[in-house]
Amino acid sequence: MADTPSQILIKDVWNENPVFRQVLGICSALAVTNLLTNTLFMCLGVIFTLIMSNLTISILRNYIPKRIRMIVQVMIIASYVMMVDIVIKAVSPDIHRFIGPYVGLIITNCIIMGRAEAFASQNRPMLAVVDGLASGIGYSLILIAIALVREPLGFGTIMGYTLPAKELWWHQWTIMVMPPGAFFMLGIITWFARNRLERSEEGVK
Amino acid sequence: MNKQSPAYIIFFILALSTFFGLAISIVNYSTVDLLKKNEEMHRNRVIAQVFSLSVSGTSADAYREAVTGQIDELTITWNGRQFPYLKNRENDDTGIFFRGTGFWDAITGIMVLSPDLQTIKNIKFLDQKETPGLGARIEEEAFTDSFMGLQIDWQNQPDKRIIIGPSPDPNAVNRVDAITGATQTSIALMDMLNRDLDIFRRAYKGEE
């Protein structure tokens with residue numbers, strides 16, 4: 001029996017979280033999480049692309065020829081990413097100057113292609129939209145958690161606002177600005193989340 | 001209709017391409033004016049900042065007014081090449097555009113010189129994609145302010161007229177500190193500034 005929307009939500013956000021459970025979308029998790037504002041824009045872009053590509057592929061699922069389904073999925077995803085790129089550039093050019101190169105890489109984000117192939121191409125549009133939203137939220141929560149640690153430690157700021165400690169005694173950690181800082185944070189968060197998940201699974205048994 | 005037939009596949013791809021091509025075109029077309037306005041505002045804002053112009057507000061119109069009211073955009077043609085530059089009507093300060101490859105991508109900016117091309121008054125960046133927190137700190141005022149009042153050592157060899165980073169004389173009047181952790185960006189910036197300064201000076205003075 002197919003999952004209900006609430007089951008999909010819980011599964012994609014926590015039990016089968018795309019980042020710490022399926023280890024997908026790691027490239028952008030490393031690249032954009034040193035500033036929270038950049039992370040939020042990236043997350044919004046991924047959520048929008050996930051929802052729209054899932055919706056489109058689900059609507060077209062009975063019409064897409066099996067032999068070319070991957071090409072079609074990439075074409076649909078790439079089109080939405082181009083729209084996201086244009087909109088960010090128009091709405092917030094300063095942010096686009098920083099995350100522009102990574103926005104284009106949303107096309108290759110494995111989560112989007114994975115959800116299109118594994119879920120949207122086999123389910124009704126409404127469920128596909130919920131799945132896209134839930135996967136996007138699951139991805140965003142982890143990225144935001146990483147950014148919430150990296151930006152204060154690396155820059156002494158949060159969303160660009162200087163924290164009082166920076167002026168007084170804090171010395172910035174350069175490693176938190178660089179990709180290795182993201183590796184450490186991702187490792188710690190994955191360890192913590194999996195530990196919690198395994199405990200809750202053992203509790204169910 | 002057989003979904004696996006070549007005719008269906010071609011029709012399907014064509015229909016999908018047309019639909020999404022149109023959708024992207026509509027999004028692009030509807031933001032063209034905004035993109036152009038953003039680009040112009042950013043350029044004017046950088047020019048206003050680098051020349052320390054007085055601007056009445058933070059709108060695109062305010063920046064445009066400040067720039068058009070106080071700055072002349074000129075061009076020198078030298079050896080068949082064109083060199084655009086800026087001139088402050090009030091004090092004759094000269095703004096030159098520089099461009100080069102940084103650690104990741106192109107870096108472009110404007111450097112303002114005194115009328116005799118001897119002193120750097122200010123420097124600002126139009127575009128850069130260096131590592132946030134490291135190379136990207138070239139945009140921070142702490143770094144750009146260190147160029148204010150810097151003397152260009154025209155007698156030195158062309159690639160050492162401005163020094164960013166270590167030098168035999170740490171107190172040299174043509175030297176600023178590099179950015180810690182961004183050695184490659186600092187070196188690239190020093191190279192492009194020296195190269196573009198040399199070319200501009202020769203073009204400005206009409207030298208061979």
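Naming: A, B, ... by sequence-line order, numbering from 1 per chain. Just so you know, these numbers come straight off a predicted model, no measurement behind them.
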### Message
Applying side chain to side chain contact (heavy atoms under 4.5 Å, CB included) to A:Thr174 and B:Thr180, what does each step give before you reach the verdict?
### Response
CA-CA 10 Å; A:Thr174 302; B:Thr180 309; over 6 Å; no
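- The environment of A:Arg194 atom CZ is dense: over 12 non-hydrogen atoms of other residues, nucleotides or ligands sit within 6.0 angstrom.
- Other residues, nucleotides and ligands contribute at most 12 non-hydrogen atoms within 6.0 Å of the CD atom of B:Glu141.
- Heavy atoms of B:Asn2 lying under 4.5 Å from chain A are absent altogether.
- With chain B as partner, the option from A:Val72, A:Leu60, A:Thr56, A:Val87 having the largest number of non-hydrogen pairs under 4.5 angstrom is A:Val72.
- For the atom pair CG (A:Asp85) and CG (B:Asn28), the distance works out to 10.0 Å, reported to the nearest 0.5 Å.
- Applying the 6.0 Å contact sphere to NZ of A:Lys89 captures no more than 12 heavy atoms from other residues, nucleotides or ligands.
- Counting heavy atoms of neighbouring residues, nucleotides and ligands inside a 6.0 Å radius, atom CE of B:Met192 exceeds 12 of them.
- Contact annotation for B:Ser5: neither backbone nor side-chain heavy atoms come within less than 4.5 Å of a heavy atom of chain A.
- Considering all non-hydrogen atoms of both residues, A:Tyr63 and B:Lys3 come closest at O-CD, 3.8 Å.
- Within a 6.0 Å sphere centred on OH of B:Tyr8, heavy atoms belonging to other residues, nucleotides or ligands number more than 12.
- When the shell of 6.0 Å around CH2 of A:Trp14 is examined, it contains more than 12 heavy atoms from other residues, nucleotides or ligands.
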### Task
Evaluate the criterion side chain to side chain contact (heavy atoms under 4.5 Å, CB included) for residue pair A:Met75 and B:Ile13; output intermediate values, then yes/no.
CA-CA 9 Å; A:Met75 188 194 283; B:Ile13 286 286; 4.2 Å; yes
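- Inter-residue side-chain proximity for B:Leu16 and A:Ile76 is flagged as met; some heavy-atom pair is nearer than 4.5 Å.
- Residues B:Asn38 and A:Ala90 approach most closely at ND2-O, 2.7 Å, considering heavy atoms.
- When all heavy atoms of B:Gln4 and A:Arg67 are compared, the pair lying nearest together is O-NH1, 2.9 Å.
- Within a 6.0 Å radius of NZ in A:Lys11, no more than 12 heavy atoms belonging to other residues, nucleotides or ligands are found.
- Of the atoms belonging to B:Phe19, not a single heavy atom falls under 4.5 Å from chain A.
- Within the 4.5 Å cutoff, no side-chain heavy atoms of B:Thr31 are placed close to those of A:Val91.
- For A:Phe184, the CZ atom counts as loosely surrounded, since its 6.0 Å shell holds 12 or fewer non-hydrogen atoms of other residues, nucleotides or ligands.
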